[in-house]
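For reference, the structure is listed below as structure tokens.
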Amino acid sequence: QELCETYQVSRVTVRKALSELTQEGLLKRHQGKGTFVGIPRIQKDLRSVNSFHDACRMMGCTPGTRVLHVQWAHPEEADRAALGCEDDGMVVEIVRLRLADGMPVMLETNRFPPAYAWLMEADLTGSLYALLEERGVEAHQAIHEVSLCYATPAQAKVLEIAPGDALLSLHEVIYDQSGHPLHTSRQVIRGDRFTFRI
């Protein structure tokens, strides 16, 4: 009624506007309690290669990163094939928890060829792509695979959700400006905080 009086519109118009805002995720309805402002979802555009930091800033969120580990690792078969690693070769593995406005959104595992060992000494709390660009390397193109998965107890703990909760799973192979494989990325993502645009 307050909205009707404030904007001089009918109840039908207000209901339609609230319904559209709810569909867009800007409002959330809780039965028996009312309608509340929703937490905005961060949007990743799969048509271009951009960083989590850029996606957050575009949505008006403050990005954050917690580095969980950086180490040499044996690549999985898919990583070995994508990165062209030797059979007994190792990769640089970077596992980070990504946050938006202090809330966990994504658990990210990036694997780089040995030529990127210098990343192990770098400050990885910001954008990886910004670090790479400082060395003349640009993430130019990506191949994406999106699927559904369910949170393991370890993933649930860091993402602050319940074990077994549904998550978005994004597997990517990223290529540099010369068309060479740059890194692979595996991300498990809270669907209530993140959406993809294709």
Side-chain angles (χ1 to χ4, degrees), residues 42-55 63 65-99 104-122 124-133 135-159 161 163-191 193-198:
I42 296 155
Q43 192 172 83
K44 180 179 175 74
D45 192 337
L46 294 182
R47 295 169 298 180
S48 59
V49 181
N50 57 7
S51 71
F52 177 81
H53 271 64
D54 291 340
T65 301
R66 192 179 308 151
V67 179
L68 302 183
H69 76 246
V70 183
Q71 64 186 20
W72 287 105
H74 291 285
E76 296 175 7
E77 189 58 43
D79 295 312
R80 184 179 288 113
L83 298 175
C85 297
E86 301 290 334
D87 287 345
D88 58 349
M90 302 283 275
V91 291
V92 177
E93 182 179 83
I94 301 167
V95 179
R96 305 186 299 171
L97 178 65
R98 313 309 298 275
L99 306 110
V105 174
M106 172 194 306
L107 185 60
E108 170 190 87
T109 301
N110 292 308
R111 294 189 177 106
F112 286 84
Y116 293 90
W118 58 269
L119 284 169
M120 298 178 84
E121 308 300 324
L124 302 175
T125 57
S127 168
L128 276 177
Y129 291 162
L131 286 175
L132 292 165
E133 283 175 14
R135 300 222 177 185
V137 180
E138 294 178 22
H140 186 69
Q141 185 181 351
I143 295 174
H144 316 279
E145 290 181 12
V146 182
S147 60
L148 178 70
C149 67
Y150 299 94
T152 65
Q155 291 168 345
K157 185 176 181 180
V158 294
L159 289 170
I161 56 175
D165 277 2
L167 296 169
L168 295 168
S169 174
L170 176 63
H171 289 196
E172 297 178 299
V173 181
I174 312 293
Y175 297 87
D176 66 16
Q177 68 268 38
S178 301
H180 300 127
L182 177 55
H183 73 98
T184 60
S185 181
R186 283 175 171 72
Q187 301 159 21
V188 288
I189 304 160
R190 286 179 52 166
R193 297 299 321 277
F194 208 93
T195 187
F196 295 117
R197 174 179 285 179
I198 299 173

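Quick caveat, the model's predicted, so the values are computed rather than measured.
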Report yes if some heavy atom in the side chain of [X] is under 4.5 Å from a heavy atom in the side chain of [Y]; otherwise report no.
X	Y	answer
Val92	Trp72	yes
Val70	Leu119	no
Thr65	Leu124	no
Leu83	Pro75	no
Leu182	Leu132	yes
Leu159	Leu167	yes
Leu170	His144	yes

Keeping the roles fixed (side chain from [X], backbone from [Y]), state whether a donor-acceptor pair exists under 3.5 Å.
X	Y	value
Glu93	His69	no
Ser178	His180	no
Gln141	Tyr175	no

*Does a sphere of radius 6.0 Å around CD in Glu145 hold more than 12 heavy atoms from other residues, nucleotides or ligands, not counting ones at 6.0 Å or beyond?*
no
*Residue list, side chain to side chain donor-acceptor pair (under 3.5 Å) with Ser185, at least two apart or on another chain*: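 Only Asn110, Gln187 meet the side chain to side chain donor-acceptor pair (under 3.5 Å) criterion with Ser185.
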*Do the rings of Phe112 and His183 sit parallel, tilted or perpendicular, given the 30° and 60° boundaries?*
parallel
*asked:* Working to the nearest 0.5 angstrom, can you tell me the gap between Arg111 CZ and Ile94 CD1?
replied: 11.0 Å
*With sequence neighbours left out, which residue pairs that include part of residues 173-188 fulfil the salt bridge (charged side-chain N to carboxylate O under 4.0 Å, His left out) condition?*
Glu76-Arg186, Asp79-Arg186
